[in-house]
Amino acid sequence: MSGAIVEQLVAIVGPANVLTTDLDRYEVDWTRRYTGRAACVVRPADTAEVATVVSWARRAGVALVPQGGNTGLVGGSVPRGGEVVVSLERLRHIGPVDALSRQVTVGAGVTIHDLHETARAAGLRYAVDFGARGSATVGGSVATNAGGINVVRYGMTRQQIVGVEAVLGTGDVVSHLQGLVKDNTGFDLASLLCGSEGTLGIVTAVRVRLVTEQPARVTALAGFDRVEAAVETMASLCRSLDTVDAAELMLDSGVDLVESAVGVSSPIPRAAAYLLVECSAHDDQSESLGAILGAAPGLSDVAIAVTPSQRDALWRLRDEHTPSINTLGPPLKFDVTVPIDRLAGFVSSIGRVVSDVAPKARTFVFGHAADGNMHVNVSGVVDRDVDVTDAVLRAVVAEGGSISAEHGIGVTKARWLHLNRSAAEIGAMRAIKTALDPDGIMNPGVLFAD
Ligand code: FAD
Ligand code: 2HG
Ligand code: ZN
């Protein structure tokens with residue numbers, strides 16, 4: 001069967017673009033927790049080839065796993081066993097930046113970093129940013145509706161999309177890339193595909209809006225004697241300043257691990273909790289930011305950075321959390337939102353929820369405080385994955401939260417989807433899936449637990 005698959009795909013994309021050996025980077029996920037064997041990896045060159053591959057898969061009854069940069073954290077980008085991985089890595093075209101509309105159309109395989117560089121060269125900025133920017137692709141970020149560090153100011157990926165081109169699970173191509181900001185002509189397919197995690201179709205190109213680059217940027221790292229004080233200060237900053245791009249929370253345990261794992265050190269003395277805040281505007285925000293932080297309750301110390309290298313040093317403390325945690329072995333990852341008024345309590349208590357089930361586990365909590373989005377990473381859980389997951393996700397829901405803030409449901413959370421979605425909602429989602437992917441070939445096992 002596999003020989004026939006390869007032969008038929010070679011006829012579509014050519015022998016150089018059907019891979020059958022050395023597939024680790026396509027078969028193993030970023031955390032090394034998820035892996036499965038692919039029938040092969042196919043690398044189409046353009047939308048037409050993607051459409052031919054999908055139509056072929058329907059006829060052949062072969063399941064497909066779309067893949068961008070393989071930085072997804074919920075197991076949805078790697079095969080479960082026997083699927084064909086469709087890598088979008090060759091769809092790297094970057095259209096001209098339209099300075100009038102402040103938009104650009106890019107191929108699904110363009111990295112977030114390259115999109116940033118393209119925007120920067122035109123004096124603009126792409127508003128979504130996160131640590132995996134060097135490998136994560138625009139297609140993958142649309143498929144997951146990625147969030148990241150600037151959501152507090154600019155919203156998630158869905159808010160940046162003006163149009164999408166995609167091949168549906170039917171094999172049909174839908175292309176709506178005109179870039180009209182106001183366009184109420186029926187269902188918003190771009191919004192629907194955004195966050196669909198490869199279960200409805202394959203995104204091949206995206207038209208995104210760009211925002212004005214604010215020339216004066218300041219970053220501050222503030223230490224607090226307790227989590228509540230950090231959260232209160234975050235809320236007060238966001239209330240007082242409309243220039244806050246990012247407000248991230250870190251705890252002593254995470255900073256300690258980053259310092260020992262990668263040797264980045266904090267410029268301020270150790271504290272129970274840290275806020276990393278970035279503001280940008282036309283004029284320098286250091287004074288306003290410094291004044292609010294200086295008067296904050298529970299503040300132990302603060303460092304203000306204005307040069308790019310000083311700012312980068314502060315951001316490394318935050319960005320290195322995920323790689324540092326990986327050095328302890330494949331973690332169990334939770335990416336959750338709770339209402340802001342529950343945030344401090346949640347952060348302080350979730351470690352106990354984990355240790356009640358897995359006493360030897362180490363729990364790290366950090367994330368996008370302004371969005372109520374915390375990343376709970378658990379290391380050292382050997383055989384209690386399901387029990388720990390169940391306990392953490394139920395604790396989140398008990399606080400009125402979401403079991404997936406920005407990474408998606410993937411395979412990891414599929415069996416807990418009902419905690420956040422009613423039977424009617426899941427039924428509607430399944431009906432959409434059946435309409436756009438009638439043979440169920442698009443990323444089976446992701447989002448819906450079958
Ligand atoms: P992949 O991992 O390849 O795929 C992710 C999902 O999208 C899979 O289900 C896949 O099947 C599907 N998919 C991929 N490409 C397509 C396509 N063209 N069409 C249809 N479906 C497709 N995420 C955040 O939201 N915020 C963060 O702050 C953040 N920080 C991260 C930091 C690190 C260090 C790492 C490793 C990951 C981080 N992530 C974050 C998660 C991840 O980077 C994002 O989910 C990203 O959007 C995935 O892009 P990708 O190209 O790597 O997609
Ligand atoms: C981040 O915000 C990412 O750094 C990854 O979303 C979070 O590693 C994680 O759990
Ligand atoms: Zn995140």
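Along the sequence shown, the residues carry numbers beginning at 1. Source: prediction; values computed, not measured. All ligand and atom numbering here is 1-based and tracks the order in the structure.
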How about [X] and [Y]: do any of their side-chain heavy atoms sit closer than 4.5 Å?
X	Y	answer
Glu197	Ile409	yes
Met250	Leu276	yes
Tyr154	Asp245	yes
Thr170	Arg58	yes
Ile268	Val302	no

Please list the nearest protein heavy atom to [atom] with its residue and the distance rounded to 0.1 Å.
atom	result
atom 25 (O) of ligand 1	Gly147 N, 2.9 Å
atom 50 (P) of ligand 1	Gly69 N, 3.4 Å
atom 33 (C) of ligand 1	Ala132 CB, 3.7 Å
atom 24 (C) of ligand 1	Glu406 CD, 3.6 Å
atom 3 (O) of ligand 1	Gly68 N, 2.7 Å
atom 28 (O) of ligand 1	Phe130 CB, 3.1 Å
atom 19 (N) of ligand 1	Val203 N, 2.8 Å
atom 2 (O) of ligand 1	Gly72 N, 2.6 Å

Residue [X] vicinity, atoms of ligand 1 by number, heavy atom under 4.0 Å:
X	result
Gln67	3 (O), 15 (N)
Gly201	20 (C)
Asn70	1 (P), 2 (O), 3 (O), 52 (O)
Ala146	25 (O), 47 (O)
His368	28 (O)
Ala143	7 (O), 12 (C), 13 (N), 20 (C), 21 (N), 22 (C)
Gly76	8 (C), 9 (O), 10 (C), 11 (O)
Ile202	19 (N), 20 (C)

- prompt: Between Glu278 and Trp315, is a side chain to side chain donor-acceptor pair (under 3.5 Å) present by the stated rule, with each step listed?
  reply: CA-CA 10 Å; Glu278 185 156 294; Trp315 273 107; 2.7 Å; yes
task: Run through the protein N/O/S atoms less than 2.8 Å from the Zn ion (ligand 3) and write them out by chain and number.
output: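 Within the sphere that stays under 2.8 Å of the Zn ion (ligand 3), the protein atoms of type N, O or S are His368 NE2, His375 NE2, Glu406 OE2.
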task: Just go through Gly134, Gly408, Ser141, Gly140 and tell me whose heavy atom is the nearest to atom 53 (O) of ligand 1.
output: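 It is Gly140 whose heavy atom sits nearest to atom 53 (O) of ligand 1.
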- prompt: Which one of Pro66, Gly198, Ala405 has a non-hydrogen atom at the shortest distance from atom 10 (C) of ligand 1?
  reply: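 Looking at heavy atoms only, Pro66 sits closest to atom 10 (C) of ligand 1.
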query: Which protein residues have a heavy atom under 4.0 Å from ligand 2?
result: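 Near ligand 2, by chain and number: Leu73, Arg318, Thr322, Lys333, Phe366, His368, His375, Asn377, Glu406, His407.
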task: State whether the number of non-hydrogen atoms from other residues, nucleotides or ligands found under 6.0 Å of Arg311 atom CZ is greater than 12.
output: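 Buried by this count: over 12 neighbours within 6.0 Å.
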task: Using distance alone, with no hydrogens and no angle criterion, decide if Asn70 and Ser77 have a side-chain donor and acceptor under 3.5 Å apart.
output: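 Result is yes, a qualifying pair exists.
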message: Checking side-chain polar atoms at under 3.5 Å, does Glu248 have a donor or acceptor matched by the opposite partner on His368?
response: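 Per modelled atom types, Glu248 and His368 side chains form a pair under 3.5 Å.
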Residue pair Thr31 / Leu73: nearest heavy atoms and the distance that separates them: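 Looking at all heavy atoms of both residues, the shortest contact is CG2-CD2, 3.8 Å.
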task: Taking all non-hydrogen atoms of both residues into account, name the closest pair between Gly171 and Ala51 and its distance.
output: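 Looking at all heavy atoms of both residues, the shortest contact is O-CB, 4.0 Å.
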Region of [X] engaging ligand 1 - heavy atom pairs below 4.0 Å:
X	value
Leu88	side chain
Thr71	both
Val142	neither
Thr137	both

query: Taking NZ, NE, NH1 and NH2 as the nitrogens, is one of them in Glu259 or Arg270 under 4.0 Å from a carboxylate oxygen of the other?
result: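 Yes, Glu259 and Arg270 are salt-bridged.
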message: Any nitrogen or oxygen of Thr144 lying under 3.5 Å from a nitrogen or oxygen in ligand 1? Just yes or no.
response: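 Checking ligand 1 against Thr144, an N or O pair does fall under 3.5 Å apart.
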message: Ring-plane angle category for Tyr126 and His116, please: parallel below 30°, perpendicular beyond 60°, tilted otherwise.
response: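 Geometry flag for His116 against Tyr126: tilted rings.
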